[in-house]
There are 2 protein chains.
Amino acid sequence: MAIEDCNCMSLRKAARRISNFYDAMLSPTGLRATQYSILALLNELGIVSINVLAERLDLDRTTTGKNMRPLAFAKLIKIRPSPTDGRSRVVQLTQHGAATLKAARPHWQKAQREFESDNGERLARNLRRTLSTLRVRAEPGKQGEAKTRLQHGGRLPMA
Amino acid sequence: MAIEDCNCMSLRKAARRISNFYDAMLSPTGLRATQYSILALLNELGIVSINVLAERLDLDRTTTGKNMRPLAFAKLIKIRPSPTDGRSRVVQLTQHGAATLKAARPHWQKAQREFESDNGERLARNLRRTLSTLRVRAEPGKQGEAKTRLQHGGRLPMA
DNA sequence: AGTATTTAGGAGCATATACTCCTAATTATT
DNA sequence: AATAATTAGGAGTATATGCTCCTAAATACT
């Protein structure tokens with residue numbers, strides 16, 4: 001079995017390629033594909049905690065928090081401590097965020113349409129369904145028996 | 001059209017999930033999924049330049065260079081200036097790299113087997129085929145008309 | 001009530017990814 | 001041969017991603 005048949009590699013490659021395309025299509029809006037999807041999700045969900053958002057994004061808790069940074073800095077979202085739970089912080093779109101999302105929507109739709117007309121609407125739908133129902137084992141706490149991760153010290157040893 | 005139907009998001013999500021799984025399966029070896037695939041590819045290709053490797057990985061040129069760092073630091077690969085072209089640098093597996101790859105191979109195969117028994121060998125094969133033949137437009141040089149990218153200044157504005 | 005456990009989420013670290021800009025070396029042009 | 005254009009690839013910057021460790025707050029337990 002050759003590395004070309006790696007399921008992980010195939011998915012990563014495809015994700016890179018499509019991300020580049022969507023990023024390029026969205027670039028007139030100043031948003032990345034990831035940022036667009038976060039804003040769109042917030043628009044659907046209203047006010048949510050970081051954890052809930054992370055769950056909906058299928059994204060690590062800490063990653064979700066970090067992804068808030070550029071959005072908050074650009075004042076597209078607002079983060080506040082939860083009034084009901086002192087541990088929690090809640091996120092919501094600002095007016096500016098909602099307007100930016102609205103303006104970006106046609107660009108996203110154009111990307112969707114192009115992708116689907118290039119690959120077939122049917123194939124795209126099937127692919128999305130296949131991907132969302134993939135069974136991937138969680139493998140919790142594998143770190144215990146893990147070898148030390150590779151470390152690097154500064155820059156590439158030239159020559 | 002809701003954000004749940006975003007082709008880009010679907011692919012990114014699936015790539016994250018499967019990467020976590022393969023990373024966990026490979027963790028006893030100290031390699032990440034990406035690193036494993038680079039070593040495996042180098043094992044197939046022998047001595048190659050960064051650019052050629054990048055092309056085979058469907059990866060940006062500069063990203064490929066950066067991905068060499070931890071591998072080179074761990075002495076799994078060796079990078080030298082090309083003897084025939086002074087601009088170019090060539091990469092190859094070290095003995096240690098080849099041995100590490102060999103030892104990691106069963107873990108990768110186990111990940112492949114588990115994924116394929118959980119989802120069906122046929123589905124996995126079809127999925128890989130679909131992904132590798134996806135038509136994704138290159139959209140070169142879109143940056144010219146791009147708005148300024150989001151910028152952040154340090155850490156999240158707390159509270 | 002007081003302590004222990006769980007939960008929310010940031011900080012630090014490391015990798016992965018791409019873009020812009022830059023330098024050096026090669027190749028093409030005149 | 002001298003200059004121009006191309007090519008190889010690193011440096012810097014910024015986002016995306018996940019893990020470990022840490023703190024504060026809420027909940028469970030005795």
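A note on names: the letters A, B, ... follow the listed sequences, proteins ahead of strands, and every chain is numbered from 1. In this text, all values refer to a predicted model and were calculated from it rather than measured experimentally.
- Here dA18(C) is the nucleotide among dA25(C), dT17(D), dA18(C) with the atom lying nearest to any side-chain atom of T63(B).
- Under 3.5 Å, the side chains of N7(A) and R128(B) contain a donor-acceptor pair of N or O atoms.
- Rounded to an integer number of Å, the gap from D85(B) CG to dT26(C) P is 6 Å.
- In this structure, K66(B) places its NZ atom 8 Å from P of dA11(D), rounding to the nearest Å.
- Remark: S49(A), I50(A), N51(A) in residues 38-51 of chain A come within less than 4.0 Å of DNA chain C through at least one heavy atom.
- When all heavy atoms are compared, the tightest approach of S19(A) to A15(A) is OG-O, 2.6 Å.
- At whole-Å resolution of the value, CG in D60(A) and P in dC13(C) are 18 Å apart.
- The side chain to side chain contact (heavy atoms under 4.5 Å, CB included) check on N43(B) picks up L93(B), L101(B), with sequence neighbours excluded.
- When all heavy atoms are compared, the tightest approach of S117(A) to R137(B) is OG-NH2, 4.5 Å.
- Atom CG in D23(A) sits roughly 13 Å away from atom P in dT15(D) (whole-Å rounding).
- Checking side-chain atoms of E116(A) against main-chain N and O of R125(A) turns up no donor-acceptor pair under 3.5 Å.
- For the segment residues 12-19 of chain B, the set of residues with a heavy atom within less than 4.0 Å of an atom of DNA chain C is empty.
- Base contact: T62(A) has a heavy atom under 4.0 Å from a base atom.
- Listed pair N67(A) / dT15(D) fails the phosphate criterion, with no side-chain N or O lying under 4.0 Å from OP1 or OP2.
- Taking the side chain of P70(B) as heavy atoms from C-beta on, and the options dT15(D), dT15(C), dA26(D), the nearest nucleotide is dT15(C).
- For the pair S88(A) and dG9(C), the criterion of a side-chain N or O lying under 4.0 Å from OP1 or OP2 is met.
- A side-chain donor-acceptor contact under 3.5 Å links N119(A) to the backbone of R135(B).
- When the C1' atom of dA16(C) is taken as reference, atom CZ of R32(A) falls 12 Å away, rounded to whole Å.
- Listed by residue number, the members of residues 2-9 of chain A with any heavy atom below 4.0 angstrom from DNA chain D form an empty set.
- Using a 4.5 Å heavy-atom cutoff, the side chains of L134(A) and F115(B) are in contact.
- Applying the salt bridge (charged side-chain N to carboxylate O under 4.0 Å, His left out) test to pairs two or more places apart or on separate chains, those with a residue in residues 40-60 of chain A are R56(A)-E4(B).
- Within 4.0 Å (heavy atoms only), T34(A) reaches sugar-phosphate atoms of the nucleic acid but no base atom.
- Across the protein-nucleic acid pair, L57(A) atom CG and dA16(D) atom P stand 11 Å apart, rounded to whole Å.
- Protein atom CG of L31(A) is 10 Å distant from nucleotide atom P of dA16(D), rounded to whole Å.
- Within 6.0 Å of the CD atom in Q109(A), the count of heavy atoms belonging to other residues, nucleotides or ligands exceeds 12.
- Following rounding to the nearest Å, R61(A) (CZ) and dA16(D) (C1') show an atom-to-atom distance of 16 Å.
- Closest heavy-atom contact between A104(A) and L31(A): CB-CD1, 3.9 Å.
- In this view, D85(A) and R87(A) satisfy the side-chain hydrogen bond (donor to acceptor under 3.5 Å, both in side chains) rule, not counting sequence neighbours.
- Looking at L39(A) and I77(A), their side chains come closer than 4.5 Å, going by heavy atoms from C-beta outward.
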